[in-house]
Amino acid sequence: MRDVRTELIRAVRAVLIASGVDDQVEAVVDRSARPEFGDFSTPAPLRAARVLRRRPIEIAEELRGRLEALQLPFVAGWTVSPPGYVNCRLDDGAWAPTVIDQALELDRGTPLVIPGEAPPRGRTLVEHTATNPNKAAHVGHLRNACIGDSVARILRRLGHEVEVQNYIDDTGVQVADVAVGLRHLGIAQGADEPYDRYCSRVYVEVGRRYEIDPDLVEERRRTLREIEAGDGETARFVKELASRVVDCHLATMRRFDIGYDLLTWESDIIALGFWSRAFELLRETGSIVHVTEGRHAGCWVMPSDGEEADDDDAKVLVKSDGVATYTAKDIAYQLWKFGLLGRDFRYRRWHPGDADSPATTTTGEAELPAEGFGRAARVINVIDARQAYPQQVVKRGLARTGHAEQAEQSIHLAYEVVALSPAAAEALGIPLEEGRKEYALSGRKGIEVRADDLLDKAWERVGEKAADAETATMLAAGAVRYYLEKFTLSQIIAFDFDDALRVTGDTGIYLMYSHARAAGIMRKVEAAPGPVVVPALEGAERALLHGLDGYRHALAEAGAALSPSTLCTYAFELASTLTDFYEHTEAIVREQDPARRAFRRRLVAATRATLADCLWCLGMPAPERV
RNA sequence: GCGCCCGUAGCUCAGUUGGAUAGAGCACCGGCCUCCGGAGCCGGGAGCGGGGGUUCAAGUCCCUCCGGGCGUACCA
């Protein structure tokens with residue numbers, strides 16, 4: 001069977017139809033608001049009253065009769081309460097063992113697909129991280145990576161075929177800036193200074209010098225042109241620089257258990273002529289127009305929907321100097337992602353010797369089959385909300401070139417940025433403004449909290465109590481991830497050190513601690529064989545069973561909404577329910593009745609398994625002890 | 001100007017796509033270690049920005065106003 005709630009929804013839907021209401025009325029089933037009503041309740045009769053033109057309470061009585069007649073094996077009885085709810089009380093002896101068994105059978109090798117509902121056909125491509133390879137990753141980049149990684153995990157857990165890509169913009173202004181700085185400013189790398197941090201420092205300094213040194217600005221222009229051209233000394237220098245920073249980023253993300261299937265390089269997109277091919281497609285379909293006068297004179301632009309050429313919303317794709325904009329290359333990339341471009345990369349392993357290494361695109365010798373990459377049915381781009389407009393243009397590019405279906409399956413998973421709380425801003429030496437609640441990060445100005453530094457801080461914090469260094473490493477990474485994932489995507493995170501490094505309350509530490517506690521009980525109480533006999537349930541036990549039963553629903557919901565925070569909320573509730581059980585029922589080690597002891601032990605085992613599964617989806621460790 | 005997002009307890013945030021009495025963490029105050037791990041638990045006070053509307057039912061949907069953020073580049 002599926003989870004209890006899904007079964008009840010099916011049953012309610014069936015009796016609604018039998019009563020003459022088709023799908024006009026949704027079969028809503030929720031946990032009962034109060035225990036005295038039962039385990040689950042449906043307000044469907046209230047909604048059906050309008051359609052049937054009858055009193056809700058009468059409809060409720062009728063539905064109750066029909067539901068009773070279904071004789072669902074896990075249901076003890078149905079009641080009606082005014083003004084027109086139908087309530088269900090479960091048969092503990094029937095539903096509890098099923099819920100426990102299902103939790104104990106959780107296996108990450110077996111997707112949690114709902115029986116009868118096959119996972120979607122085709123590949124889902126998730127692009128995330130995409131940090132410019134010119135500086136150390138900061139907490140904003142880390143939010144992107146955590147969201148993307150968890151979405152990928154959740155979808156995989158639900159049986160989707162997922163490919164994760166990290167886009168490397170190695171031809172943009174930002175990397176050019178650092179190249180200029182490295183070549184002309186003579187700043188030395190510190191002895192123990194990691195390369196990405198060194199680049200961060202150079203990046204800030206070169207930004208300052210631009211203000212006072214016009215020659216340096218000219219040098220940037222020249223550098224960009226040479227990068228665009230693709231071969232020559234500068235291009236090689238920049239590729240090397242970007243590669244080294246990418247390695248730093250990969251190492252940083254690996255500390256958070258974040259990995260990738262493929263690195264896609266913008267320089268490869270240019271070198272392999274992706275844009276020129278996309279340009280042909282756009283031109284042939286009339287998706288773009290060449291503007292001869294006005295402020296866009298000499299440019300190729302994509303007009304906005306339903307307006308004439310060169311209106312205010314038109315987006316420039318080719319500048320008057322003939323160079324394609326970033327958005328233009330993004331359209332080409334997006335067409336490739338769906339296998340619509342008619343061109344492909346070549347592929348090899350990024351670091352052949354390293355088992356954790358992703359694959360990478362290359363213009364050199366192909367070592368991996370091309371069929372393994374791209375060709376997506378659905379594309380999810382994890383990109384911050386500020387880029388909604390260019391992402392819309394990318395989507396429009398697909399629609400205009402005749403790929404309405406793929407445009408529909410192009411999802412900009414927008415999330416709000418990470419900013420600094422007043423306290424964090426003050427700690428970084430930023431002057432505070434009256435009434436201002438958040439302060440923007442800026443890699444360019446050096447105003448940032450680096451991902452590695454944050455993790456180091458967390459490690460020191462949890463290390464005070466952790467069993468050993470290895471445990472501290474797990475706890476620190478899990479704590480930081482939870483902090484960055486628990487906010488809804490549309491919420492700006494005003495990053496605060498106290499909140500991020502907290503070890504009590506609604507934190508990743510609490511979740512991992514709960515898991516370790518459950519694991520500890522299992523070490524202390526030996527497993528007992530035989531069938532589960534369900535005793536008279538205490539409140540905390542019933543709550544725990546409901547928590548376990550709700551996992552599939554929560555996971556499916558998080559997957560449908562592409563929302564890790566939904567799963568965070570679920571995880572914290574489950575952990576809290578476990579704590580409640582732990583604190584307010586008799587210790588299992590002291591339980592004398594063997595049947596009850598066995599039942600309670602299995603209940604804890606099922607909870608541990610569910611929590612571990614859930615933590616995996618959130619990219620968090622499930623430690624056996626802390 | 002136009003578009004998107006945010007506004008829920010002193011602070012930081014949830015709120016199951018419209019359901020019964022709006023939750024949690026932090027902070028503050030007061031309790032709980034002869035008890036499977038106290039990174040815990042129990043108790044205490046206070047809230048849906050304002051105003052209309054739709055509905056049996058609105059934090060949730062519509063309109064409007066007020067605050068705040070972001071976008072609206074031949075930057076990425």
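Computed from a predicted model, the values in this text were never measured in an experiment. Letters go in sequence order (proteins before strands), and every chain restarts at 1.
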With heavy atoms under 4.0 Å as the rule, sort A/N132 into base, sugar-phosphate or nothing.
sugar-phosphate
What integer distance in Å separates A/D549:CG from B/rU16:C1'?
14 Å
Nearest-Å distance for atom pair CG/C1', residues A/L578 and B/rC41
13 Å
Nucleotide B/rA39, atom P - distance to CD of A/E460 in whole Å:
20 Å
Pick the P atom in B/rC4 and in B/rC65, then give their distance to the nearest Å.
14 Å
Identify which nucleotide among B/rA39, B/rG37, B/rC74 has an atom closest to any side-chain atom of A/R523, counting heavy atoms from C-beta outward.
B/rG37
Measuring from the side chain of A/R625 (C-beta onward, heavy atoms only), which nucleotide among B/rA76, B/rG40, B/rG37 has the closest atom?
B/rG37
d(CD, A/E416; P, B/rC6) in whole Å:
8 Å
Give A/P83 one of three labels, base, sugar-phosphate or nothing, depending on what nucleic acid heavy atoms sit under 4.0 Å from its own.
nothing
Could you give the distance separating B/rG45 and B/rG3 at their C1' atoms, to the nearest angstrom?
42 Å
Out of B/rA39, B/rA20, B/rA76, which has the shortest distance to the side chain of A/F37?
B/rA20
Any A/R502 side-chain nitrogen or oxygen under 4.0 Å from OP1 or OP2 of B/rG25
no
With sugar-phosphate meaning primed atoms plus P, OP1 and OP2, does A/K524 contact a base, only sugar-phosphate, or nothing at under 4.0 Å between heavy atoms?
sugar-phosphate
Have a look at A/A466 and say if it touches a base, only the backbone sugar-phosphate, or nothing, with a 4.0 Å heavy-atom cut-off.
base
Using a strict threshold of under 4.0 Å (side-chain N to carboxylate O), is an ion pair present between A/R64 and A/E61?
yes
For a quick check of understanding: with a heavy-atom distance under 4.0 Å over all strands, which category does A/V503 fall into, base, sugar-phosphate or nothing?
base
Are a donor atom and an acceptor atom from the side chains of A/Y483 and A/D499 found within less than 3.5 Å of each other?
no
Distance-only polar pair, side chains of A/N87 and A/S41, donor-acceptor under 3.5 Å
yes
Could you give the distance separating B/rC11 and B/rA46 at their C1' atoms, to the nearest angstrom?
13 Å
Measure the distance from CG on A/D496 to C1' on B/rU12 and round it to the nearest whole Å.
8 Å
Of all the choices, B/rA76, B/rC74, B/rG19, which nucleotide is nearest to the side chain of A/Y85 once you look at every atom?
B/rG19
Lys/Arg-Asp/Glu bridge criterion (N-O < 4.0 Å) met for A/R55, A/E58:
yes
Are a donor atom and an acceptor atom from the side chains of A/R89 and A/S32 found within less than 3.5 Å of each other?
no
Nearest-Å distance once atom C1' is located in both B/rG47 and B/rA9
5 Å
Classify the nucleic acid contact of A/R31 as base, sugar-phosphate or nothing, counting any heavy atom under 4.0 Å across all strands shown.
nothing
Does the pair A/R5/A/D549 count as a salt bridge with the N-to-O cut at 4.0 Å?
no
If you go through the side-chain atoms of A/D30, does one of them form a donor-acceptor pair with the base of B/rA20 closer than 3.5 Å?
no
Is the closest basic N to carboxylate O distance between A/R552 and A/E557 below 4.0 Å?
no
Taking only the P atom of each, what is the distance from B/rA14 to B/rG49 in whole angstrom?
14 Å
Looking only at the side chain of A/E583 (C-beta and beyond, no hydrogens), which of the listed nucleotides B/rC5, B/rC41, B/rA39 gets closest?
B/rC41
Please classify the nucleic acid contact of A/Y582 as base, sugar-phosphate, or nothing, using heavy-atom distances under 4.0 Å.
base
Candidate nucleotides B/rC42, B/rA76, B/rC5, ranked by approach to the side chain of A/Y326 - the nearest:
B/rA76
If pairing requires Watson-Crick or G-U wobble contacts with both distances under 3.5 Å, which nucleotide is the partner of B/rG23?
B/rC13
Using atom C1' of each nucleotide, how far apart are B/rU72 and B/rC56 to the nearest Å?
44 Å
Just call it for A/V604: base, sugar-phosphate, or nothing, with non-hydrogen atoms closer than 4.0 Å on any strand.
nothing
For A/R517, is there an ion pair with A/E624 - N to carboxylate O distance below 4.0 angstrom?
no
Expected label for B/rC41 (glycosidic angle, syn inside 90° of 0, else anti) would be anti
I want to confirm an ordering. Mapping A/A440 and A/E586 to their closest nucleotides on RNA chain B, which one lands closer to the 5' end?
A/E586
Taking every heavy atom of A/Q391 against every heavy atom of A/I383, the minimum-distance pair comes out as NE2-CD1, 3.2 Å
Could you tell me whether A/R5 contacts a base, only the sugar-phosphate backbone, or nothing, with contacts defined as non-hydrogen atoms closer than 4.0 Å?
base
Residue matched to B/rC4 through Watson-Crick or wobble contacts both under 3.5 angstrom:
B/rG69
B/rU34 - base-pair partner by Watson-Crick or wobble geometry, distances under 3.5 Å
none
Can you tell me if A/S421 touches the phosphate of B/rU12, counting only side-chain N or O atoms and a distance under 4.0 Å to OP1 or OP2?
no
For a quick check of understanding: with a heavy-atom distance under 4.0 Å over all strands, which category does A/P56 fall into, base, sugar-phosphate or nothing?
nothing
Determine the interatomic distance between C1' on B/rA22 and the same-named atom on B/rU16; round to the nearest Å.
14 Å
Does any residue of residues 506-517 of chain A have a heavy atom under 4.0 Å from RNA chain B, and if so, which ones, in number order?
A/D506, A/I509, A/Y510, A/Y513, A/R517
Between A/K395 and A/Q334, is any side-chain donor less than 3.5 angstrom from a side-chain acceptor?
no
Contact list (N/O, under 3.5 angstrom) for nucleotides 13-15 of chain B vs protein:
residue, atom, partner, partner atom, Å
B/rC13, OP1, A/I492, O, 3.4
B/rA14, OP1, A/T488, N, 2.8
B/rA14, OP1, A/T488, OG1, 2.2
B/rA14, OP2, A/Q491, NE2, 3.3
B/rA14, O2', A/T569, OG1, 3.3

Would you say A/V245 and A/T131 make side-chain contact, with heavy atoms under 4.5 Å?
no
With sugar-phosphate meaning primed atoms plus P, OP1 and OP2, does A/Q174 contact a base, only sugar-phosphate, or nothing at under 4.0 Å between heavy atoms?
nothing
Could you say whether A/V589 or A/S81 is positioned toward the 5' end of RNA chain B, judged by the nucleotide with the nearest heavy atom to each?
A/S81
Conformer about C1'-N of B/rU8 - syn within 90° of 0, anti elsewhere:
anti
Winner on side-chain proximity to A/S320, out of B/rC74, B/rC56, B/rC36, is B/rC74
Is a salt bridge present between A/D169 and A/K329, judged by a nitrogen-to-oxygen distance below 4.0 Å?
no
So, OP1 or OP2 of B/rG69: does either fall under 4.0 Å of a side-chain N or O from A/R436?
yes
B/rC74, OP1 or OP2 - any side-chain N/O from A/K315 closer than 4.0 Å?
no
So that I can tick it off, tell me whether A/E526 and A/R597 are bridged by a salt bridge, with the cut-off set at under 4.0 angstrom between side-chain N and carboxylate O.
yes
Salt bridge check, A/E416 against A/R143: does any charged N sit closer than 4.0 Å to a carboxylate O?
no
Sugar-phosphate only, base, or nothing, as touched by A/D384 at under 4.0 Å among non-hydrogen atoms
nothing
Using a 4.0 Å heavy-atom cut-off, does A/R47 contact any base of the nucleic acid, only the sugar-phosphate backbone, or nothing at all?
base
Span that lies between the P atom of B/rA20 and that of B/rG52, in whole angstrom
24 Å
Spacing between A/E228 atom CD and B/rC75 atom P, to the nearest angstrom
12 Å
